[in-house]
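Below is one structure, written out as structure tokens, with a few remarks after it.
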Number of protein chains: 2
Amino acid sequence: MGHGQGQDRPDTRTRIQDAATVLFRRNGYAGTGLKQIAAEADAPFGSIYHFFPGGKQQLTEETVRTAGAAYSCMVLALLDSVADPVESVTHAFATAADDLEATGYADACPIATVALEVASTNETLRIATADVFTEWIAAGEQWFARWVPDPGTARSLAQSLIMILEGAFVLARAARDREPLCAAGRSMAALLRSAIEEAGRPSA
Amino acid sequence: MGHGQGQDRPDTRTRIQDAATVLFRRNGYAGTGLKQIAAEADAPFGSIYHFFPGGKQQLTEETVRTAGAAYSCMVLALLDSVADPVESVTHAFATAADDLEATGYADACPIATVALEVASTNETLRIATADVFTEWIAAGEQWFARWVPDPGTARSLAQSLIMILEGAFVLARAARDREPLCAAGRSMAALLRSAIEEAGRPSA
DNA sequence: GTCTATAAGGTGATAGAC
DNA sequence: GTCTATCACCTTATAGAC
């Protein structure tokens, strides 16, 4: 434990990054102030620039990459928790709906709002969000490859899952209704079922 | 034409709203300033409060509702321009990819960025975006109902089309790549094809 | 009705005390 | 290294001149 902390409270740097993750996810990049982040993290304002000399952009880039990787791990673990692939996809969307509802329709995708905000305004952050999505697609492709032999089909399924999930988050947060996520789960299950069926009859 | 304008330039109020539509779509709600809108519209700053006494919120609400309705009309006209439904969906996604590429990956959904930004922070604007999405789903359901008899299936297809399009816009803008929109078109075509097939054999 | 000047407060960022 | 005070700028909004 090194020089010891005396409490189980995370260090200042971690608290700042965690607070930034929460606030960017709910209020977006432009809608979140550094003072607000410092307050939420219970850290002095100057500490932000001590740990993130690059200012708001550096803090956001690290937040996007870290939260993006964590979300990927979380979703893959969720998908692995059910044996049947079609049931697993359905279950994953239902769980996403549960989480969204439980957080008052606040905690959806950790980077989507920022991604749309910076796509045309900040090249460094745009690339950070693009890298995260690329990693998600690669991970999803690997998962689908277990059930669908053709790599192109597996990749297409991974892309579609991410896209329909992102779109469902937009509609569900706007309407404060879980139904879009349920509909998304049904469509994604149908898509996967078709792909598995197709692979089952290698006639074509 | 009433008291005449002398030029074909739109009136001040329209110019302000058009400028706001463009800027909110590209930079989002919090990322766009009223001064920036006035400059882009070539209108004096005070005119914004003259025509929109409710300030930024009122301007945004009208912009969201107007741009949302216009986008719906545009997409429906596009879908009606091709006879075969599956080909039409494929064509619509390809056209969306063309438009996005032509605008430097700036002009995607006119309200998605704002929708995510305000979902947890501004109830009035959240409802405005939710109303727009509701209208889109209803219009899409009517269109799909021409090819799929079951209303629930038609509604599900409309939801899925909007969700996968929204998600594809997020990925395409982040990556500056049209491929996500192409993949989305293929998935949506497959979904529709299955639904039409299913309706064709009324055995189940 | 069109437009300018200003108000009150928030922003990201920095300098410097301790 | 932790934290405070301050900077210059920008924000939304308003008051009032023309």
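Here is how names work: the chains are called A, B, and so on, in the same order as the sequence lines, proteins then strands, and each is numbered from 1.
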Keeping the roles fixed (side chain from B/R173, backbone from A/A119), state whether a donor-acceptor pair exists under 3.5 Å.
no
Expressed in angstrom and rounded to an integer, what is the separation of [X] atom [atom1] from [N] atom [atom2]?
X     : N      : atom1 : atom2 : answer
B/F45 : D/dC10 : CZ    : C1'   : 11 Å
B/H50 : C/dT4  : NE2   : P     : 15 Å
B/I48 : C/dG1  : CD1   : P     : 18 Å
B/Y49 : D/dA17 : OH    : P     : 21 Å
A/R13 : D/dG1  : CZ    : P     : 14 Å
A/D11 : D/dG1  : CG    : P     : 14 Å
B/I16 : D/dT12 : CD1   : C1'   : 15 Å
A/L34 : D/dC3  : CG    : P     : 17 Å

What I want to check is whether the side chains of B/T66 and B/Q17 have a donor and an acceptor closer together than 3.5 Å.
yes
Output the distance between atom CD1 (A/I196) and atom CZ (A/F144), rounded to the nearest 0.5 Å.
9.0 Å
Over all strands shown, is A/F51 touching base, sugar-phosphate only, or nothing at heavy-atom distances under 4.0 angstrom?
sugar-phosphate
What contact category does B/G55 fall into here, base, sugar-phosphate, or nothing, at under 4.0 angstrom with non-hydrogen atoms?
sugar-phosphate
Are side-chain heavy atoms of A/L34 and A/Y49 found at a separation under 4.5 Å?
yes
When the nearest nucleotide of DNA chain C is assigned to B/P44 and to A/Q57 on a heavy-atom basis, which residue is associated with the more 5' position?
B/P44
Among C/dT4, C/dG12, D/dT11, the one nearest any side-chain atom of A/K56 is C/dG12
